[in-house]
Amino acid sequence: MQQLLQMQALQLTILVGTMTGTAQLVAQELELTLEDADTVVKVLPMDGLDASVFSGGGLFLVCSSTYGQGDVPDNAKALYQSLQGARPDLSRARYGVFALGDRTYTETFCNGGRRFDAILSELGAKRIGDVLLHDASAGTMPEEVAVGWALGWLALCREKLREAA
Ligand SMILES: Cc1cc2nc3c(=O)[nH]c(=O)nc-3n(C[C@H](O)[C@H](O)[C@H](O)COP(=O)(O)O)c2cc1C
């Protein structure tokens, strides 16, 4: 973890699980907000990814919507199943979750993001901050909520990584 802080800039990978592009838009806005001299942001759609994306450790933000019966979106399924199947040790990974959902789906609200939170923590990754649950029926734009939340989350990440170093 020390390595994360000693490098010139903090490297953040945003992993995007989306069906209709909202989470991708959120990730792009986050990239614009967070990228600066001290922070390098990489946005990676989950398509084609597997558990090995976490193998080098580091800092991740999972940005995922919810579909079906509270499932992860289609482009996130292979990654989610790979984590469940391979069960790698993710103790070198730190992560946050921005979950997109809709409270009208009472039983499964934001389950896509919550599922990622559960599997990542089960595999030893450490979450920084609370899972942010965005409700599409609340009338707020997810990208605006994300931008309002992100700088505080990143400051918390720096604090936690410093403590762990
Ligand atoms: C067919 C369908 C099923 C959905 N199922 C759920 C669900 O089970 N739980 C939930 O919280 N949101 C659910 N949603 C809401 C989406 O997750 C939400 O609108 C999200 O912002 C979409 O983001 P995306 O464009 O990145 O996929 C569903 C939406 C649709 C269209």
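In this chain, residues are counted from 1 in sequence order. Ligands are counted one by one from 1 in listed order, and the atoms in each one are counted from 1 as well. Please read all numbers here as calculations on a predicted model, not as lab measurements.
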Flag the pair Phe98 / Trp149 as yes when their ring centroid distance falls below 6.0 Å, and as no otherwise.
yes
Are the side chain of Asn75 and the backbone N or O of Val16 linked by a donor-acceptor pair below 3.5 Å?
yes
Minimum-distance pair of heavy atoms, taken over all atoms of Thr66 and Thr108
CG2-O, 3.8 Å
As a test of reading the model: which N/O atoms of the protein lie under 3.5 Å from N/O atoms of ligand 1, and at what distance?
{"from": "ligand 1", "atom 1": "8 (O)", "to": "Thr108", "atom 2": "OG1", "distance (Å)": "2.6"}
{"from": "ligand 1", "atom 1": "9 (N)", "to": "Thr108", "atom 2": "O", "distance (Å)": "3.1"}
{"from": "ligand 1", "atom 1": "9 (N)", "to": "Thr108", "atom 2": "OG1", "distance (Å)": "3.3"}
{"from": "ligand 1", "atom 1": "11 (O)", "to": "Asp102", "atom 2": "N", "distance (Å)": "2.9"}
{"from": "ligand 1", "atom 1": "11 (O)", "to": "Asp102", "atom 2": "O", "distance (Å)": "3.4"}
{"from": "ligand 1", "atom 1": "11 (O)", "to": "Cys110", "atom 2": "N", "distance (Å)": "2.8"}
{"from": "ligand 1", "atom 1": "12 (N)", "to": "Asp102", "atom 2": "N", "distance (Å)": "3.2"}
{"from": "ligand 1", "atom 1": "14 (N)", "to": "Thr66", "atom 2": "O", "distance (Å)": "3.2"}
{"from": "ligand 1", "atom 1": "17 (O)", "to": "Thr66", "atom 2": "N", "distance (Å)": "3.2"}
{"from": "ligand 1", "atom 1": "17 (O)", "to": "Thr66", "atom 2": "O", "distance (Å)": "2.8"}
{"from": "ligand 1", "atom 1": "25 (O)", "to": "Thr20", "atom 2": "N", "distance (Å)": "3.3"}
{"from": "ligand 1", "atom 1": "25 (O)", "to": "Thr20", "atom 2": "OG1", "distance (Å)": "2.4"}
{"from": "ligand 1", "atom 1": "25 (O)", "to": "Gly21", "atom 2": "N", "distance (Å)": "3.3"}
{"from": "ligand 1", "atom 1": "25 (O)", "to": "Thr22", "atom 2": "N", "distance (Å)": "3.0"}
{"from": "ligand 1", "atom 1": "25 (O)", "to": "Thr22", "atom 2": "OG1", "distance (Å)": "2.6"}
{"from": "ligand 1", "atom 1": "26 (O)", "to": "Thr18", "atom 2": "OG1", "distance (Å)": "2.6"}
{"from": "ligand 1", "atom 1": "26 (O)", "to": "Thr22", "atom 2": "N", "distance (Å)": "3.2"}
{"from": "ligand 1", "atom 1": "26 (O)", "to": "Ala23", "atom 2": "N", "distance (Å)": "2.8"}
{"from": "ligand 1", "atom 1": "27 (O)", "to": "Met19", "atom 2": "N", "distance (Å)": "2.8"}
{"from": "ligand 1", "atom 1": "27 (O)", "to": "Thr20", "atom 2": "N", "distance (Å)": "3.3"}
{"from": "ligand 1", "atom 1": "27 (O)", "to": "Ser65", "atom 2": "OG", "distance (Å)": "2.8"}
{"from": "ligand 1", "atom 1": "27 (O)", "to": "Tyr67", "atom 2": "OH", "distance (Å)": "3.2"}

Quick one: ring-ring contact (aromatic ring centres under 6.0 Å, His included) partners of Tyr80, sequence neighbours excluded?
Phe116
Met46 and side-chain contact (heavy atoms from CB on, under 4.5 Å): which partner among Val62, Asp74, Val72?
Val62
Is the backbone N or O of Arg103 less than 3.5 Å from a side-chain atom of Asp135, with the two atoms forming a donor-acceptor pair by type?
yes
